[in-house]
Amino acid sequence: MKNGKPSFYLIYALFLWLVFTMPSCNKKEGSFSIEDLNEQSLLSLVWYQNAAEVRALYHQAFNLARLRLDEYLWEREIEEKYAVVIDIDETVLDNTPVHAWRFKQGVTHPDGWDEWCRAAEAEALPGVLDFLKYADSRGCEIFYVSNRDVTLKEATLKNLKDLNFPDADEAHVLLRKETGDKEPRRQLVRKDHNIVLLIGDNLGDFASLFMDKKTDARNAAVEEHREKFGKRFIILPNPKYGDWEGTLYGLQRELTPADKNKLRRASLKPWENSQKK
Ligand SMILES: [Mg+2]
């Protein structure tokens, strides 16, 4: 600095600082990327793929399902037809390898989904195969009601058959055609069967009344029907995706990663600590 005036070099350095720091500022404000969103979901994926607690939760759910099945069938007419209605994704089959692939690739749903399903390489989740084999041995038919697109049926059947799941056939695997609402497919099963149990990782796997609701209304509906959980409804953990996330976004499908980030943050319910400013 000469005579109290900033030198050319100082001004130039300031100019360079502005040029190289502005993009990162913008990133925080408006250019939130898919990779940034994926980073937010990383821990839920790490938890699901690694925590022994997840395995324990699945075993807990299917141990309870077995108990409820025995309870339900006790002293019932043997001539009647019984069914277990079960979801597929994150209930029977573990799709987290494609989620981990998306994380590495910096992409998001639906990238890789069809290819993953067509590879038919998903593994069974803990406890589910033994439970469904047991239900089958007790004379229950198993209906797999899934919102996988119907075009993925052949591959889904192959995946289930390769893993030796009972009733893995055309008539028992009911995939999505026109609607994601599973109620018409449940009604189809109810025509000829008593549904003993409904099993899934999403509230829509149990009843339509949970669907198309905002977060508070979904929570209120669960409270209203709380006695059914662990009884007729067996629910499994899925922190990675589901209707719970869609409702955070007001069921809007075309949001940018930045919009989603804002809505995720807005959903937090922080402690109002009066001791700190
Ligand atoms: Mg599912």
Side-chain angles (χ1 to χ4, degrees), residues 44 48 54-69 72 82-96 99 109 113 117 122-132 134-136 140-150 152-153 156 159-160 163 165-168 172-177 179-190 193-213 218-219 221-222 224-247:
S44 67
Y48 196 92
V54 174
R55 182 166 290 276
L57 280 167
Y58 276 83
H59 283 303
Q60 177 175 264
F62 289 113
N63 287 343
L64 180 59
R66 184 173 169 141
L67 200 71
R68 292 307 191 196
L69 184 90
Y72 189 93
Y82 297 105
V84 168
V85 169
I86 191 161
D87 169 53
I88 294 179
D89 296 316
E90 278 45 79
T91 299
V92 170
L93 298 180
D94 177 3
N95 298 301
T96 52
H99 292 253
H109 181 79
W113 178 246
C117 292
E123 292 186 8
L125 284 154
V128 64
L129 183 59
D130 283 350
F131 168 71
L132 291 181
Y134 177 71
D136 179 57
C140 289
E141 286 182 52
I142 317 301
F143 286 90
Y144 302 88
V145 179
S146 162
N147 277 344
R148 284 188 175 199
D149 192 84
V150 73
L152 298 167
K153 190 158 184 175
T156 303
N159 204 157
L160 293 172
L163 293 167
F165 276 97
D167 290 331
H172 290 84
V173 176
L174 308 177
L175 304 189
R176 178 169 53 82
K177 286 181 187 164
T179 173
D181 184 349
K182 296 184 173 182
E183 192 55 33
R185 284 169 278 170
R186 285 191 288 264
Q187 292 298 348
L188 204 68
V189 177
R190 280 197 186 99
H193 300 77
N194 294 315
I195 297 180
V196 182
L197 291 169
L198 293 144
I199 308 175
D201 64 306
N202 196 47
L203 289 177
D205 296 327
F206 307 111
S208 300
L209 65 93
F210 297 114
M211 295 179 70
D212 300 326
K213 283 184 161 60
R218 294 179 93 237
N219 279 291
V222 166
E224 194 183 330
H225 296 274
R226 59 185 173 275
E227 301 211 337
K228 296 189 178 79
F229 290 93
K231 203 169 181 184
R232 291 283 81 78
F233 301 165
I234 303 291
I235 191 156
L236 297 154
N238 188 351
K240 301 181 307 301
Y241 68 91
D243 288 349
W244 66 268
E245 188 187 359
T247 56

List the atom of [X], the atom of [Y], and the distance in Å for their closest heavy-atom pair.
X	Y	answer
A122	L163	O-CD1, 3.4 Å
L69	C140	CD1-SG, 3.7 Å
Y58	L236	CD2-CD2, 3.5 Å
A65	L197	O-CD1, 3.5 Å
H172	D167	CB-O, 3.0 Å
D243	G204	OD2-N, 4.4 Å

## Note on the structure
Residue pairs meeting side-chain hydrogen bond (donor to acceptor under 3.5 Å, both in side chains), one or both in residues 226-235, sequence neighbours left out, come to H225-K228

Output the distance between atom [atom1] ([X]) and atom [atom2] ([Y]), rounded to the nearest 0.5 Å.
X	Y	atom1	atom2	value
E123	L129	CD	CG	12.0 Å
E183	L209	CD	CG	9.0 Å
N159	L93	CG	CG	5.0 Å
L152	N147	CG	CG	11.5 Å
F233	I199	CZ	CD1	12.0 Å
I235	F229	CD1	CZ	5.5 Å

Any side-chain to backbone donor/acceptor pair from [X] onto [Y]? Under 3.5 Å, distance only.
X	Y	answer
R185	L174	yes
D130	G127	no
K153	V173	yes

Contact check, side chains of [X] and [Y], non-hydrogen atoms, under 4.5 Å:
X	Y	answer
L188	F143	no
I195	V189	yes
Y144	L132	yes
V92	F165	yes
F62	L125	no
H99	Y48	no

### Task
Any pair with a residue in residues 55-69 that passes salt bridge (Lys or Arg N to Asp or Glu O under 4.0 Å), sequence neighbours left out, goes on the list, sorted by first then second residue, please.
R68-E71

### Task
Check step by step if side-chain contact (heavy atoms from CB on, under 4.5 Å) holds for R186 and L198.
CA-CA 9 Å; R186 285 191 288 264; L198 293 144; 3.6 Å; yes

Would you mind writing out the side-chain donor-acceptor pairs for residues 82-90 within the sub-3.5 Å range, not counting sequence neighbours?
| residue | atom | partner | partner atom | Å |
| --- | --- | --- | --- | --- |
| Y82 | OH | E77 | O | 3.3 |
| D87 | OD1 | K182 | NZ | 3.0 |
| D87 | OD2 | T91 | OG1 | 2.8 |
| D89 | OD1 | N95 | ND2 | 2.8 |
| D89 | OD1 | R148 | NE | 3.0 |
| D89 | OD1 | R148 | NH2 | 2.9 |
| D89 | OD2 | R148 | NE | 3.3 |
| E90 | OE1 | N95 | ND2 | 3.1 |
| E90 | OE1 | Y241 | OH | 2.4 |
| E90 | OE2 | N95 | N | 2.7 |

